[in-house]
A.B. asks: 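The structure is given below, and queries will be raised subsequently.
Keep in mind that the numbers below use all heavy atoms, side chains included, and drop hydrogens, waters and symmetry copies. A, B, ... follow the sequence lines: proteins, then strands. Residue 1 opens every chain.
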There are 2 protein chains.
Amino acid sequence: MSATSANVSERRVQPPSLAISTVIFALRPSESSGRPTLWLPLVRRIRQPYLGQWALPGGPLAHSESLQDAASRNLLETTGLAPRYLEQLYAFGGLDRSAGQRLVSIVYWALVQPDEAALTRESENVRWFRADRLESLAFDHNEIVKYALWRLRNKMEYGSIAYHLLGERFTLAQVREVYEAVLDKELDPANFRRQLRSTPHIEPTDEHLTGTRHRPPRLYRYAGPVPDGSVRQPLPASP
Amino acid sequence: MSATSANVSERRVQPPSLAISTVIFALRPSESSGRPTLWLPLVRRIRQPYLGQWALPGGPLAHSESLQDAASRNLLETTGLAPRYLEQLYAFGGLDRSAGQRLVSIVYWALVQPDEAALTRESENVRWFRADRLESLAFDHNEIVKYALWRLRNKMEYGSIAYHLLGERFTLAQVREVYEAVLDKELDPANFRRQLRSTPHIEPTDEHLTGTRHRPPRLYRYAGPVPDGSVRQPLPASP
DNA sequence: GCAAAAGTGTTTCTGTTACACCCATGC
DNA sequence: GCATGGGTGTAACAGAAACACTTTTGC
């Protein structure tokens, strides 16, 4: 410890740089099965380190914005996305996560609905990837995504999270498909229906989805609070 | 916002300063009832801002240490404590949390056992306080403690957290008292016992506690993993 | 009519709650 | 013996899981 602190005080004290990044999840139909699966947008690094590799969207923290505002702004600038659901994930500050200088990242995670996801400004340097089939990403971003997935599954098990991945109107079967995709297990349609119906904030509408080749299912909508808006206090509410 | 950003770009761009703080919980008998209650150590500010007010122990992040190591080191230096249970709580980065310069705090929370808590180097500037009767603290530290308490309660409800507040050996009634103190409600001794016995990592010993004026209760011990050691990877394990 | 998924009903199972009761020790 | 909390037993209750069955559409 004495050697370390001596070292630090000798060197000019440049503080660790602080960045904000975000893991964004959305549903897209799998190319193979057509069933909904989790996807996330990544941006290609246009500078060192990790030049050319894919990374989570992010950037530095500006002076006049809160952490969450920084995440929002950065997302909008780099990908065009403005998620309605945005929440802090974790602060990563390992010593060897960036080649060269010391980097601390405060990471947020977001859920976007199909209409929001459609606004992505995709390009050579911005693309959606399947969350379960990622190549090797810049920094420790593979680890971060893995952790975000774990948190998503956890929150799904008892929370009204799934709605933030669906559109304004949805069938109960669609909700079930989301659960099945994220938790990766099949659920009994009858029991699932009953459980959902007994939770608050989930209201039936008079509309039905047509065009299926079977009985038209009723459409529902989510009327609950958004746990974490885009502009908010740092303290998360209880779930 | 335009006034602010103009202001910022005129000024020399000094990045927000980054600090690590920790909320430490331990059990102490209440002065009034004698029943165990939650306490936490605070340190008195010896510089501006908030000079003289009580605050969470913390300090800057050194270059050669991870976030968690920084929390550990700082705790040891300021209070003499070396918690075996230490976990990241949240990153606080609101604009107005510090008078003067912009401050981002990555906050950890810790649980210490009685033997660890006894090693506190108490002084004029380091003291234990009841968690539910705090005066006005420096910065937004009241809010932070409130959030830490919420997290503690949440984790208690289904986790093997309580053991980290107790010593090596304990009776089931002691565990129940911890739950009652933290959750602030009475629990049926019989049912509580059964539930605990059915969870893993909780082993009976052959010893009994004597000196009570009733039947000597059996002593148990916790044989499970420490969810987050003092030296660890940034990724928390699943609970 | 047939296929397919929506939607309902019902039984079983499992874990929780409430509470009666016995046990072992100090005084 | 009596008070006190340790420790066990058990019936009642509540919610989850399993699964049979009816309904409504497209073709």
A.B. asks: Would you call B/E143 and B/R97 a salt bridge, taking side-chain N to carboxylate O under 4.0 Å as the test?
C.D. replies: no

A.B. asks: Please report the distance, rounded to the nearest Å, between CZ in A/R197 and P in C/dG7.
C.D. replies: 10 Å

A.B. asks: Whole Å only: how far is the OH atom of B/Y220 from the P atom of D/dG6?
C.D. replies: 11 Å

A.B. asks: D/dA18, C/dA6, C/dA18: which one has an atom nearest the side-chain heavy atoms of A/H214?
C.D. replies: C/dA6

A.B. asks: Go nucleotide by nucleotide along DNA chain D from the 5' end; which of A/G211 and B/A190 gets its closest nucleotide reached first?
C.D. replies: B/A190

A.B. asks: Checking all strands, does A/T212 fall into the base, sugar-phosphate, or nothing category for heavy-atom contacts under 4.0 angstrom?
C.D. replies: sugar-phosphate

A.B. asks: Spell out yes or no: do the side chain of B/R213 and the base of C/dC27 have one donor N/O and one acceptor N/O closer than 3.5 Å?
C.D. replies: no

A.B. asks: Ignoring the backbone of A/P216, work out which of D/dT24, C/dA6, D/dA17 is nearest its side chain.
C.D. replies: D/dT24

A.B. asks: Quick check for you: among D/dA18, C/dC23, C/dA18, whose closest atom lies nearest to any side-chain atom of B/R215?
C.D. replies: C/dC23

A.B. asks: In whole angstrom, give the distance that lies between atom CG of B/L187 and atom C1' of D/dG6.
C.D. replies: 17 Å

A.B. asks: Ignoring backbone atoms, establish whether B/R193 has a side-chain N or O less than 4.0 Å from OP1 or OP2 of D/dG7.
C.D. replies: yes

A.B. asks: Would you mind reading off the distance between A/L209 atom CG and D/dG26 atom P, rounded to a whole angstrom?
C.D. replies: 11 Å

A.B. asks: Thinking salt bridges, do A/D115 and A/R84 make one under a 4.0 Å N-O criterion?
C.D. replies: yes

A.B. asks: Taking donor-acceptor contacts at under 3.5 Å, does the side chain of A/D188 reach the base of D/dA16?
C.D. replies: no

A.B. asks: Between the side chains of A/N191 and A/R194, does any donor sit under 3.5 Å from an acceptor?
C.D. replies: yes

A.B. asks: Does the side chain of A/R197 come within less than 4.5 Å of A/P204's, by heavy atoms?
C.D. replies: yes

A.B. asks: Take atom CZ of B/F192 and atom C1' of D/dG9, then tell me their distance rounded to the nearest Å.
C.D. replies: 20 Å

A.B. asks: Once you round it to whole Å, what is the distance between C1' of D/dG6 and CD of B/E207?
C.D. replies: 17 Å

A.B. asks: What is the nucleic acid contact for B/R176, judged by heavy atoms within less than 4.0 Å: base, sugar-phosphate only, or nothing?
C.D. replies: sugar-phosphate

A.B. asks: Would you indicate what A/A173 reaches in the nucleic acid, counting non-hydrogen atoms under 4.0 angstrom: base, sugar-phosphate, or nothing?
C.D. replies: sugar-phosphate

A.B. asks: Whole Å only: how far is the CG atom of B/L196 from the P atom of D/dG7?
C.D. replies: 12 Å

A.B. asks: Of all the nucleotides listed (D/dT24, D/dC19, C/dG7), which has the minimum atom distance to the side chain of A/N191?
C.D. replies: D/dC19

A.B. asks: Rounded to whole angstrom units, what separation is found between the CG atom of B/L219 and the C1' atom of D/dG6?
C.D. replies: 12 Å

A.B. asks: Which part of the nucleic acid, if any, lies within contact of A/R194, taking any heavy atom under 4.0 Å across all strands shown: a base, the sugar-phosphate backbone alone, or nothing?
C.D. replies: base

A.B. asks: Should the pair B/H164 and B/Y85 be assigned to parallel (<30°), tilted (30 to 60°) or perpendicular (>60°) ring geometry?
C.D. replies: tilted

